[in-house]
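Some notes on the structure that comes next.
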Amino acid sequence: MHGITNRQVYLSSRPTGVPRAENFSLRVAEVPALAEGEILIRNHYLSADPAMRGWISDVGGYWPQVAIGETMRAFAVGEVIESHHPEYTVGDRLMGIFGWQEYAAVSDKHVLLKVPDGDLSLSLYLGVLGLNGLTAYFGLLDIGAPKQGDTVVVSTAAGAVGSCVGQIGKLRGCRTVGIAGGPAKARQCLEEFGYDIAIDYKSNVNLDEALQAACPNGVDIYFDNTSGPISDAVMRQLRIGARIVICGTASYSSWNPWNSGPRPERHLIVKRARMQGFLATDYAPRYPEAVLTLANWVRRGEVRYAEEILEGVERAPESIERLYRGEHTGKLLIKLPAAQS
Ligand SMILES: NC(=O)c1ccc[n+]([C@@H]2O[C@H](COP(=O)([O-])OP(=O)(O)OC[C@H]3O[C@@H](n4cnc5c(N)ncnc54)[C@H](OP(=O)(O)O)[C@@H]3O)[C@@H](O)[C@H]2O)c1
């Protein structure tokens, strides 16, 4: 034992829909002694991600379900304060799956990225240089395969992933159309994230008409973060050879019973379109390459980002609900005392 106390947020009850603060509890535990091959990380920032809903849901997902009583699985960034692993030394800054807690004693399987030394804030490695930016990068460039002049439509366009997709699209010479909820987010899409057109789906706009006007030649790439009625409307505007990147399903209020709705197959046949889901974590071996490129874009001001920061591990439980209510701006993070700036 280290005599270090660790504040952890754990799953105390299983939610049926979007997780609420009441589904989590806070406890104090002692940091265990490290086994051979493990490292001890002091977390600086914790991430809140829509995906966390799937990790604790009763409906099976791509990773094992978090058990009741288990510290909540979460992406985090921190620094190594003790190492029993040959590849990591004290002072290394790492991004990985370190949980909603102040300290994490983990094996190397939990590490996703060694943060390069440099001028950029550690918090960015959970957002524009972390899973969100990487999701945008691989989803758009690998699955969407943008070409100069393509029209790219993005849902949750002002969010952490969506805002980055739009800007990478512009860097590839595309026309970008963002769909976001509320006038403030629509304005942010235009003024901060460089979208050519922004559609506020929460206004009383007719989405079909707005999309037709925004995409007179049709949609070449749809980066889908929502599914639901927004996607149904975009499907009706596809262009021949369109690519639909299935990234998230933020609009589903429930996964049980399973969602049903308009079926896209006919649109896919008529437009010879391709629809493909992907997981950014499958691209882990290519993270260093992507982070280097994203970091250069951020340094040059070609990719901008927004962050909203809650202070203290005790704020983590409210964060997922906040994400799904769309109340946050950009990347929602939890800052811990270890983070100095
Ligand atoms: N496939 C992958 O590997 C991967 C990795 C990371 C993230 N994702 C997915 O990418 C998407 C965006 O993630 P993010 O971290 O950047 O979150 P985010 O977009 O910053 O936040 C989630 C957004 O979902 C929107 N939303 C919530 N309820 C909605 C509804 N009923 N209809 C339409 N929109 C709704 C809200 O945007 P508005 O305020 O604009 O409504 C909210 O801001 C999520 O679906 C997430 O699961 C996938």
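Worth knowing before you read on, the calculation uses all heavy atoms, side chains too, and leaves out hydrogens, waters and symmetry mates. Each ligand, and each atom within it, is numbered from 1 in the order the structure gives.
- Less than 4.0 angstrom separates some heavy atom of Asn132 from each of these atoms of ligand 1: 14 (P), 15 (O), 16 (O).
- Note: an N/O pair closer than 3.5 Å links Asn225 and ligand 1 by distance alone.
- Salt-bridge formation is not detected for the pair Asp150/Arg172: no Lys NZ or Arg NE/NH1/NH2 atom is positioned less than 4.0 Å from an Asp or Glu carboxylate oxygen.
- Salt bridge annotation for Asp196-Arg175: absent, with no cationic side-chain nitrogen under 4.0 angstrom from a carboxylate oxygen.
- Taking the six-membered ring for Trp and thresholds of 30 and 60 degrees, Tyr283 and Phe138 have nearly parallel ring planes, at less than 30 degrees apart.
- Residue contacts with ligand 1 include Thr249, since one of its heavy atoms falls under 4.0 Å from the ligand.
- Of all the atoms in ligand 1, the ones that sit under 4.0 Å from a non-hydrogen atom of Gly248 are 9 (C), 45 (O).
- Of the protein's heavy atoms, Pro50 CG, 3.6 Å lies nearest to atom 13 (O) of ligand 1.
- With hydrogens left out, the protein atom closest to atom 34 (N) of ligand 1 is Tyr201 OH, 3.2 Å, a heavy atom.
- At under 3.5 Å, a nitrogen or oxygen of Gly181, whether backbone or side chain, sits near a nitrogen or oxygen of ligand 1.
- Aromatic pair Phe24/Trp100: centroids less than 6.0 angstrom apart.
- Distances below 4.0 Å separate heavy atoms of His328 from the following atoms of ligand 1: 18 (P), 20 (O), 21 (O), 42 (C), 43 (O).
- For atom 19 (O) of ligand 1, the closest heavy atom belonging to the protein is Thr156 OG1, 3.3 Å.
- At a cut-off of 3.5 Å, with distance as the only test, a side-chain donor of Ser47 or Asp49 sits close to an acceptor on the other residue.
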Salt bridge (charged side-chain N to carboxylate O under 4.0 Å, His left out) between Glu265 and Arg263, intermediate numbers included: CA-CA 6 Å; Glu265 291 82 351; Arg263 275 108 180 151; 5.9 Å; no

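- Salt-bridge check for Glu192 with Arg187: failed, with every basic side-chain N at 4.0 Å or more from each acidic carboxylate O.
- Every atom of ligand 1 is numbered from 1 in the order shown, and the set under 4.0 Å from a heavy atom of Thr226 is 33 (C), 34 (N).
- Of the protein's non-hydrogen atoms, the one nearest atom 30 (C) of ligand 1 is Ser251 CA, 3.5 Å.
- Grouping the Ile, Leu, Val, Met, Phe, Trp and Tyr side chains by contacts below 4.5 angstrom, directly or via other members, places Met95 with Leu124.
- Ligand 1 lies nowhere less than 4.0 angstrom from a heavy atom belonging to Lys331.
- Of all protein heavy atoms, the one lying nearest to atom 36 (C) of ligand 1 is Gly326 CA, 4.0 Å.
- Residues Ser25 and Ser12 bring a donor and an acceptor atom of their side chains to less than 3.5 Å of each other.
- Between Asp208 and Arg236 there is a salt bridge, since at least one side-chain N of the basic residue sits less than 4.0 Å from a carboxylate O of the acidic one.
- Some N or O of Phe278 is nearer than 3.5 Å to an N or O of ligand 1, by distance alone.
- Closest protein heavy atom to atom 42 (C) of ligand 1: Leu323 O, 3.3 Å.
- The closest protein non-hydrogen atom to atom 5 (C) of ligand 1 is Thr135 OG1, 3.1 Å.
- Ligand-side atoms of ligand 1 in range of Ala180: 40 (O), range being under 4.0 angstrom from any heavy atom.
- Donor-acceptor pairing under 3.5 Å is recorded for the side chains of Ser123 and Glu307.
- Of the N or O atoms in Lys185, one or more lie within a sub-3.5 Å distance of an N or O in ligand 1.
- In this structure, CZ in Arg42 is found 7.5 Å from CD in Glu102, a value given to the nearest 0.5 Å.
- For atom 48 (C) of ligand 1, the nearest non-hydrogen atom of the protein is Cys247 O, 3.1 Å.
- Taking the charged nitrogens against the carboxylate oxygens, Asp200 and Lys185 have no contact shorter than 4.0 Å, which rules out a salt bridge.
- Polar contact with ligand 1: present for Ala160 (N/O pair, distance under 3.5 Å).
- Taking every heavy atom of Leu279 and a limit of under 4.0 angstrom, the matching atoms of ligand 1 come to 3 (O).
- With respect to Glu321 and Arg20, a salt bridge is recorded, a charged nitrogen being found less than 4.0 Å from a carboxylate O.
- Within the listing of ligand 1, atoms 7 (C), 13 (O), 14 (P), 16 (O) sit less than 4.0 angstrom from a heavy atom of Val161.
- The shortest N or O to N or O distance between Ala280 and ligand 1 is under 3.5 Å.
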